[in-house]
Asker: 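Got a structure for you, written out below as structure tokens; questions coming shortly.
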Amino acid sequence: MNRLIAAALFCSVLLPADDGRAPVIVELFTSEGCASCPAADALLARMERIQPVASARVIALEEHVDYWNQLGWTDPFSLPQFHARQNEYALAAHVENIYTPQMIVNGQVAFEGDDAGRAYEEIGLAAQAPMTTVELSTAPNSRDGQLLDLSVRISNPKNAKLREANLYLAVTESDVTAFVGSGENAGRTLHHSEVVRSFNAIGRIDPKGSSAGQVVSTLRLPRE
């Protein structure tokens with residue numbers, strides 16, 4: 001199953017769920033070549049499935065890095081841009097080293113990816129913070145069936161100014177199973193939830209410009 005998730009950098013996003021839960025983005029940097037990663041993968045999948053924090057709706061993003069590929073197994077879901085994204089987080093936090101599995105909540109706090117207690121705590125705290133709302137709608141492109149037209153509207157809470165920011169779109173695939181033939185997880189069948197297959201900028205929010213928090217873009221869906 002594919003899912004589209006719009007995200008403004010360092011903001012929690014999307015409309016609140018019908019039950020009033022606040023959406024919280026949980027990113028997991030992981031790799032099929034890392035022996036300690038399957039436990040973190042399972043934690044992310046469990047949180048996305050059971051939604052354990054009463055005030056929050058977990059938006060899970062499983063991002064496979066490529067720096068494990070040279071150590072015995074090439075992760076088929078890995079992309080160099082996730083390595084770069086993790087580096088950007090490290091620079092922003094003034095941290096010298098990156099690692100897997102690493103979990104990051106709402107772009108603000110990072111910790112060991114298999115630490116369930118810390119994850120629940122940080123998700124709960126993030127759900128209480130003021131958030132930018134991103135409304136995403138789609139429609140088939142009238143000229144090309146492989147395209148979707150996207151319409152995005154961004155708004156901030158009352159008494160808060162809309163900030164200039166890049167807008168990214170993540171396309172995730174759930175219920176993915178893979179057999180690992182070599183490396184630290186050799187012989188294991190791994191299960192993944194919400195694997196990010198595409199992650200790209202679709203626009204820029206210019207609060208002073210003509211867009212005024214509205215973006216229209218087009219997405220070509222990956223065939224797989």
Side-chain angles (χ1 to χ4, degrees), residues 1-17 21-32 37 40-41 43-45 47-49 51 56-66 75-89 92 98 100-110 113 119 123 126-127 131-139 146-154 165-176 178 191-205 213 215-224:
M1 179 179 66
N2 286 344
R3 179 181 297 176
L4 307 181
I5 300 170
L9 190 61
F10 297 130
C11 295
S12 57
V13 297
L14 304 180
L15 288 173
R21 294 186 178 205
V24 176
I25 292 178
V26 180
E27 296 176 80
L28 176 66
F29 292 97
T30 185
S31 172
E32 288 189 347
C37 285
D41 298 345
L43 172 60
L44 185 73
M47 292 194 300
E48 196 278 334
R49 184 177 67 255
Q51 299 293 328
R57 179 162 61 95
V58 173
I59 308 298
L61 298 178
E62 186 175 299
E63 300 169 38
H64 290 234
V65 298
D66 64 346
D75 187 333
F77 305 110
S78 63
L79 291 173
Q81 71 182 114
F82 298 139
H83 183 181
R85 181 167 175 80
Q86 194 179 21
N87 278 335
E88 289 172 358
Y89 274 131
I98 59 175
T100 57
Q102 182 184 47
M103 194 168 284
I104 297 181
V105 174
N106 266 8
Q108 298 295 318
V109 60
I123 291 168
M131 64 180 60
T132 297
T133 300
V134 178
E135 301 174 65
L136 171 66
S137 59
T138 65
Q146 292 294 318
L147 298 179
L148 282 180
D149 293 331
L150 309 176
S151 178
V152 186
R153 189 170 187 273
I154 300 93
N166 289 325
L167 185 71
Y168 292 87
L169 184 81
V171 180
T172 66
E173 183 177 3
S174 60
D175 301 322
V176 177
H191 304 279
H192 303 301
S193 173
E194 310 307 334
V195 178
V196 181
R197 305 302 304 275
S198 174
F199 190 99
N200 295 293
I202 60 170
R204 185 162 181 80
I205 308 306
V215 173
V216 177
S217 188
T218 301
L219 169 73
R220 183 177 295 277
L221 288 174
R223 289 186 177 276
E224 67 274 21

Asker: Quick one: side-chain contact (heavy atoms from CB on, under 4.5 Å) partners of Pro80, sequence neighbours excluded?
Answerer: Asp66

Asker: For the pair Glu194 (side chain) and Ala45 (backbone), establish whether a donor and an acceptor sit closer than 3.5 Å, ignoring hydrogens and angles.
Answerer: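 Absent.
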
Asker: Working to the nearest 0.5 angstrom, can you tell me the gap between Glu48 CD and Leu61 CG?
Answerer: 10.0 Å

Asker: Roughly how far apart are Leu136 CG and Leu169 CG, rounded to 0.5 Å?
Answerer: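 So the gap between those two atoms works out to 6.5 Å.
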
Asker: I need the minimum non-hydrogen distance between Pro23 and Ile59, along with the two atoms involved.
Answerer: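 Minimum heavy-atom contact is CB-CG1, 4.3 Å.
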
Asker: Does the side chain to side chain contact (heavy atoms under 4.5 Å, CB included) test come out yes or no for Ile123 and Met47, once each step is laid out?
Answerer: CA-CA 10 Å; Ile123 291 168; Met47 292 194 300; 3.7 Å; yes

Asker: Given side chains that start at C-beta, do those of Asn106 and Met131 come closer than 4.5 Å, heavy atoms only?
Answerer: no

Asker: Could you pull out the closest heavy-atom pair between Val24 and Ala56, with the gap in Å?
Answerer: CG2-CB, 3.9 Å

Asker: With rounding to the nearest 0.5 Å, note down the distance linking CD in Glu62 to CE in Met103.
Answerer: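 Between atom CD of Glu62 and atom CE of Met103 there are 9.5 Å.
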
Asker: Could you check, using the six-membered ring where one of them is a Trp, whether Phe82 and Phe29 have ring centers closer than 6.0 angstrom?
Answerer: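 That pair fails the under 6.0 Å test.
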
Asker: What distance separates Glu173 CD from Ser193 OG, expressed to the nearest 0.5 Å?
Answerer: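 Here the rounded value is 11.0 Å.
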
Asker: Return the minimal non-hydrogen interatomic distance between Gly113 and Leu28, and the atom names on each side.
Answerer: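 Of all heavy-atom pairs spanning Gly113 and Leu28, the closest is CA-CD1, 4.0 Å.
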
Asker: Mind listing the closest non-hydrogen atom pair of Ser31 and His64 along with its distance?
Answerer: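 Between these two residues, the closest heavy atoms are CA-ND1, 4.4 Å.
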
Asker: Determine whether a donor-acceptor pair (N or O, by modelled atom type, separation under 3.5 Å) exists between the side chain of Arg21 and the backbone of Gln51.
Answerer: yes

Asker: Which atom pair, heavy atoms only, marks the closest approach of Ala201 to Tyr168?
Answerer: N-CD2, 3.5 Å

Asker: To check you understand the geometry: which heavy-atom pair defines the closest contact between His191 and Asp41, and what is its length?
Answerer: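 It is O-CB, 4.2 Å.
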
Asker: Between atom OG1 of Thr138 and atom CG of Asp149, what is the distance when rounded to the nearest 0.5 Å?
Answerer: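 Atom-to-atom, Thr138:OG1 and Asp149:CG are 9.0 Å apart.
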
Asker: Atom CD in Glu63, atom OG1 in Thr100: separation rounded to 0.5 Å?
Answerer: 13.0 Å

Asker: Who are the salt bridge (charged side-chain N to carboxylate O under 4.0 Å, His left out) partners of Glu27, not counting sequence neighbours?
Answerer: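 Partners of Glu27 under the salt bridge (charged side-chain N to carboxylate O under 4.0 Å, His left out) test: Arg85.
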
